[in-house]
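Worksheet: the structure to be examined is printed underneath.
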Amino acid sequence: MFTNKTREGRLITVSNRLPIMLTRADDGEWQIEPGGGGLITALAPMLRDRGGVWIGWPGVVEEDQVDIEPLLAHATGDSGYALKPVVLTATEHDKFYLGFSNEIIWPLFHDLQSRCNFDPTYWATYEAVNRKFAQAVAQHSRAGDYLWVHDYHLINVASELRALGVTNEVGFFLHIPFPSPDIFLKLPWRFQILRALLDYDLIGFQTLRDRQNFAQCVQALLKDVAIQDKGPVSLAQIGTRVVRVCALPIGIDFQEFAQQAASAAVADAAWYIHEALPGRTIIFSTDRLDYTKGIPEKLAAFRYALLHYPELHERVTLVQAVVPSRTDIREYAELKAEVERLVGEINGQFTRAGWVPIHYIYQRLSRTELLAYYRTSEIALITPLKDGMNLVAKEYCACSLEDGVLILSEFAGAAAQLQRDALLVNPYDVAGVAAAIYRAWTMGREERRARMRNLRRAIRERDIFWWVDSFLHAGATYSLNNGTLLEKFVPHG
Ligand code: GDG
């Protein structure tokens, strides 16, 4: 008999990284700052009300010899929940995080199998580190707690918990896409990964397509699992167990973004940005330095636009911010060099007195600066080759107080929700993206306003709080009675 207990008990959140930033001060002392980000914002009230624990890697390895527990206790203070670290060795970090997670799962699940390094030594460390996480969960949870595991680093945690005898209900959310069978089948550990996912009670994906891809992979590979499509959820039945599988697009804290964007500090920063670029239309983009984000392809499209639509000369400026990420990996260093070469080439080709077509920023913008760019940029150009969701697209709309135009890759998860009112593009189609830039630049005020109103409504209605609530209540009740499925789905949202 399967029952839903998600409304009771504490919430135990498990993610690869704890929601903190650990920095070393000039005097060599370690300091902790609370991390930002949508997930902690949404979960903090829930963790406070129900009580709870967040378990994850704190960002230092065993060899750093940091006494992390007192720092974490200090950071959470009287927040009502605790942060518990899973400390990894440098080798574990290399093979589990840089290796299996980021050289195998990340590229494969983003359809870039040619970038995968299927090093057979990674898997054992992935298993071992997932076991370590599960041991920490077992240690810090008790009967009745709801366990919520996040993302592709931790797929094996439920299996490891079951092996430890933990019977709590466990949910999993995959923040990145789930690939179609023709891609997934290339994974040497395809059976283990699918079985591990099916050890959860609830699996959440960003989009319907991800959920369908998962279902097709299960159907292709696991003959003892029956999948039924039940509208908002699929049900995977394995013997007497039922696993709920749903698609819930992650949202943002819309109100917070909209309010902050309207603040005086952001208004001032926005004024300053435009003042420095008089008479220009700003096309804005910020991406983590990652090959999935399609930065070189975007620059190629911008170059094509400048070549084919000369009216844009001296009238538009592309502001491309790149947030440093995974800089210790060779491929990422190469990507940075490629982006900088392209920016240099394009600026070299088109710059005129008083006009530099691309403003390239290789740093993490402060939140005020980021919101100022969102608020004041007439166009956002967000063209990942593949993305689980892409929160930048949603944040831009929440902050766009001046009827901006969103150009969005059809391969971002966000496209499923925003397709009607964004200008959807295929990021590989350089001419198509250039045409979208031109169309956005020439779009009339009424159309911009109507589109942005709809975009903002869609994002506001399904914000981060809706997402957390929906996940925690997903599936309400499904039970098996003598092998017959008794269903009762309580819709949410
Ligand atoms: C993964 C999935 C999925 C960006 N530039 C700056 C800055 N940012 C912040 C944004 C946004 C976040 O970084 C990026 O989030 P994304 O969703 O766009 O991308 P990933 O980091 O790849 O996230 C993704 C997400 O998980 C959630 O499920 O949407 O598909 O890949 O929040 O605000 N923040 C600051 N300065 C910047 O310059 N301060």
Side-chain angles (χ1 to χ4, degrees), residues 13 15-17 19 21 33-43 101-102 105-112 148-154 172-179 204-207 209-210 247-254 256-257 260-261 266 269 273 284-295 319-326 332 359-375 377 380-399 406 408-409 411-418 459 462-464 467-468 471:
T13 305
S15 65
N16 175 48
R17 285 297 302 263
M21 291 201 295
E33 287 168 39
L39 199 55
I40 181 66
T41 311
L43 291 180
S101 301
N102 285 322
I105 301 285
W106 176 268
L108 189 76
F109 281 33
H110 285 88
D111 296 351
L112 298 167
W148 189 0
V149 180
H150 290 265
D151 229 358
Y152 62 105
H153 319 84
L154 301 177
F172 177 81
F173 189 82
L174 185 71
H175 290 258
I176 66 172
F178 195 91
F205 294 103
Q206 298 270 27
T207 68
R209 181 181 299 181
D210 299 318
L248 287 173
I250 193 168
I252 59 165
D253 186 350
F254 181 92
E256 173 83 0
F257 273 100
Q260 282 188 12
V266 171
I273 288 168
F284 179 65
S285 192
T286 178
D287 301 282
R288 212 159 39 70
L289 180 70
D290 195 288
Y291 48 79
T292 62
K293 300 292 181 184
I295 308 168
V319 177
Q320 173 67 61
V322 174
V323 182
S325 165
R326 303 177 193 167
Y332 287 74
H359 283 210
Y360 168 67
I361 306 169
Y362 180 68
Q363 52 188 272
R364 189 180 178 79
L365 301 169
S366 72
R367 190 167 165 97
T368 303
E369 283 173 304
L370 177 67
L371 267 56
Y373 276 112
Y374 284 156
R375 173 180 160 144
S377 300
L381 184 57
I382 299 172
T383 54
L385 304 180
K386 185 94 181 167
D387 220 331
M389 177 54 52
N390 196 297
L391 297 180
V392 171
K394 294 186 171 182
E395 294 167 7
Y396 170 71
C397 297
C399 298
L406 174 64
L408 180 63
S409 163
F411 305 124
Q417 280 175 287
L418 307 179
I459 297 163
R462 300 206 153 183
D463 67 3
I464 185 75
W467 178 78
V468 169
F471 187 90

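The first residue in the sequence is number 1, and the count goes up from there. The shown structure was predicted, so the numbers you read here are calculated from the model rather than taken from an experiment. Remember, it's 1-based here, ligands and their atoms both numbered in the order they're listed.
Listed by number with element, the atoms of ligand 1 under 4.0 angstrom from any heavy atom of Gln206 are 3 (C), 28 (O). Shown in contact with Thr286 at under 4.0 Å from a heavy atom are these atoms of ligand 1, numbered in order with element: 4 (C), 5 (N), 6 (C), 38 (O). Near Val323, meaning under 4.0 Å from any of its heavy atoms, are these atoms of ligand 1: 5 (N), 6 (C), 37 (C), 38 (O).
Between Tyr373 and Tyr396, the ring center distance fails the sub-6.0 Å criterion. Two rings, from Trp148 and Phe173, have their centers 6.0 Å or more apart.
Counting heavy atoms under 4.0 Å from ligand 1, residue Leu391 touches it through both backbone and side chain. If you look at Lys386 next to ligand 1, there are no close heavy atoms at all, none under 4.0 Å. With a heavy-atom cut-off of 4.0 Å, Trp106 touches ligand 1 through its side chain alone. If you look at Leu370 next to ligand 1, the close heavy atoms, those under 4.0 Å, all belong to the side chain.
Under the 4.5 Å side-chain criterion, counting only non-hydrogen atoms from C-beta, His110 is not in contact with Leu385.
Between Glu395 and ligand 1, at least one pair of N/O atoms sits closer than 3.5 Å. Taking only nitrogen or oxygen atoms, main chain and side chain alike, Ser366 does not reach within less than 3.5 Å of ligand 1. Not one N or O of Gln363 is nearer than 3.5 Å to an N or O of ligand 1, by distance alone. The distance criterion of under 3.5 Å between nitrogen or oxygen atoms is not met by His110 with respect to ligand 1. By the 3.5 Å distance cut-off applied to N or O atoms, Gly388 is counted among the residues near ligand 1. Taking any N or O of Leu365, backbone or side chain, at least one lies under 3.5 Å from an N or O belonging to ligand 1.
Considering each of Asn390, Val322, Asp387, the one bringing a non-hydrogen atom nearest atom 31 (O) of ligand 1 is Asp387.
When each of Phe471, Phe178, Phe109 is paired with Phe205, the ring pair (Phe, Tyr, Trp, His ring centres under 6.0 Å) condition holds for Phe178 and for no other.
Using 4.0 Å as the threshold, Tyr152 has no heavy atom nearer than that to any atom of ligand 1. The shell of residues lying under 4.0 angstrom from ligand 1, judged by heavy atoms, excludes Glu369.
In terms of the salt bridge (charged side-chain N to carboxylate O under 4.0 Å, His left out) criterion, residue partners of Arg288 (sequence neighbours excluded) are, by chain and number, Asp290. Residues forming a salt bridge (charged side-chain N to carboxylate O under 4.0 Å, His left out) with Asp287 (at least two apart in sequence, or on another chain): Lys298.
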